[in-house]
2 protein chains.
Amino acid sequence: MEQSQLCPRFEKALEILSKRWTAKIVYQLQSGPQRFVWIENSLPNLSGKVLSERLKELEAEGIIQRDVYPETPVRIEYKLTDKGKAFAPLFKEISSWAEQWVDFPSAP
Amino acid sequence: MEQSQLCPRFEKALEILSKRWTAKIVYQLQSGPQRFVWIENSLPNLSGKVLSERLKELEAEGIIQRDVYPETPVRIEYKLTDKGKAFAPLFKEISSWAEQWVDFPSAP
DNA sequence: TAGTCTAAGTTACATAAAGTAAGCGAAAAA
DNA sequence: TTTTTCGCTTACTTTATGTAACTTAGACTA
């Protein structure tokens with residue numbers, strides 16, 4: 001039986017997006033450079049441990065950049081690279097899909 | 001400290017897409033109705049156990065439909081609903097992001 | 001000079017999610 | 001009666017994530 005061949009670039013992109021928290025982190029950074037604790041507080045249930053892992057992975061992928069400001073206490077900011085900013089149209093698509101198809105009939 | 005408020009619909013969409021395997025399964029079904037084993041074989045490393053879970057979740061979300069053909073042995077096909085088909089432009093965006101930004105410098 | 005404070009993590013431990021492989025039920029074919 | 005096929009489940013193992021306490025570094029405070 002044949003396996004459907006997925007384009008490796010596409011597959012890579014899908015893997016980045018499918019990994020828990022990555023999409024949310026990247027989305028969160030669309031609004032500008034942010035510090036560790038800020039991102040952590042922005043995404044409920046995301047633990048510092050996993051955030052730390054994901055930021056390293058995203059940096060390794062060239063999607064975000066880590067900037068160190070040697071103040072006291074040290075300030076570290078994470079921001080999207082061009083590669084990361086290029087996700088913007090994708091988020092727009094997700095948004096418009098959501099607008100059209102996701103309903104919230106009941107309020108909590 | 002304020003938390004950035006994510007639109008609940010958008011968040012829901014992001015959660016669907018971020019869950020391991022869901023995006024790949026939905027993408028796989030874009031090519032037409034498929035049976036359990038076919039999907040399983042199309043996605044390397046996806047276990048039947050998780051596929052079973054995901055298909056139920058996606059059906060509950062109204063993204064796919066499960067059709068039973070009482071042949072022998074029974075044939076069951078999964079296919080996208082309109083809601084599921086509406087992911088198409090999103091996959092196009094992922095694809096074009098991947099084309100532009102993902103490189104594969106070395107061949108295996 | 002010892003003790004304190006803060007940001008940005010890290011570590012050890014506990015829980016949840018996913019992977020593996022064997023098994024099940026139905027119906028028909030051998 | 002045994003075998004085969006499909007579409008799953010179940011029991012068990014491994015991996016991923018969550019929690020909470022701890023670490024490091026430099027400047028500030030007592």
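Each chain gets a letter, A, B and so on, in the order the sequences are listed, and its residues count up from 1.
Between I39(A) atom CD1 and dA7(C) atom C1' the separation is 13 Å, expressed in whole Å. I64(B) has its CD1 atom 13 Å from the P atom of dG7(D), to the nearest Å. Taking atom CG of residue N45(B) and atom P of nucleotide dT14(D), one finds them 17 Å apart after rounding to whole Å. A straight line from NZ of K49(A) to P of dT19(D) spans 11 Å, rounded to a whole angstrom. Spacing between atom CD of E59(A) and atom C1' of dA8(C) amounts to 14 Å, rounded to whole angstrom units. Rounded to a whole Å, the CD atom of E53(A) is 15 Å from the P atom of dT15(D). Protein atom CG of L51(B) is 13 Å distant from nucleotide atom C1' of dA18(C), rounded to whole Å. W38(A) has its CH2 atom 13 Å from the P atom of dA7(C), to the nearest Å.
Nearer to the 5' terminus of DNA chain C, by closest-nucleotide assignment, is the contact made by R75(A) (compared with the other of E71(B) and R75(A)). With the nearest nucleotide of DNA chain C identified for both G48(A) and L46(B), G48(A) has the one nearer the 5' end.
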So E59(A) and Q65(A), side-chain hydrogen bond (donor to acceptor under 3.5 Å, both in side chains) or not? Walk me through it.
-> CA-CA 6 Å; E59(A) 197 188 357; Q65(A) 189 186 319; over 6 Å; no
Audit row: Y78(A), R35(A), side-chain contact (heavy atoms from CB on, under 4.5 Å) steps and yes/no | CA-CA 6 Å; Y78(A) 295 91; R35(A) 313 167 72 162; over 6 Å; no
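Closest to the S47(B) side chain, of the nucleotides dC8(D), dG19(C), dG9(C), is dG19(C). Of the candidates dG7(D), dT9(D), dG19(C), dG7(D) carries the atom nearest the R66(B) side chain, counting heavy atoms from C-beta on. Comparing dA18(C), dC8(D), dT10(C) by their closest approach to the side chain of V50(B) singles out dA18(C).
Although no hydrogens or angles enter the test, the distance criterion places a donor-acceptor pair under 3.5 Å between the side chain of K83(A) and the main chain of E61(A).
Using a 4.0 Å heavy-atom criterion, one finds that Y69(B) contacts no nucleic acid atom at all.
Looking at every heavy atom in both residues, I39(B) comes nearest to L51(B) through CG2-CD1, 3.9 Å.
Residue R54(A) has a polar side-chain atom (N or O) positioned under 4.0 Å from OP1 or OP2 of dT17(D). Put simply, R35(A) has a side-chain N or O that comes within less than 4.0 Å of OP1 or OP2 on dA8(C). Phosphate proximity of dA29(C) to T72(B): absent, as no side-chain N or O sits under 4.0 Å from OP1 or OP2.
Using a 4.5 Å cut-off on side-chain heavy atoms (C-beta onward), Y27(A) and F87(A) make no contact. At least one side-chain heavy atom of S52(B) sits less than 4.5 Å from a side-chain heavy atom of K56(B).
The stretch residues 12-23 of chain A touches DNA chain D through R20(A), W21(A), each having a heavy atom under 4.0 angstrom from the strand.
Under 4.0 Å is where a charged nitrogen must lie from a carboxylate oxygen, and between D67(A) and R75(A) no such pair does.
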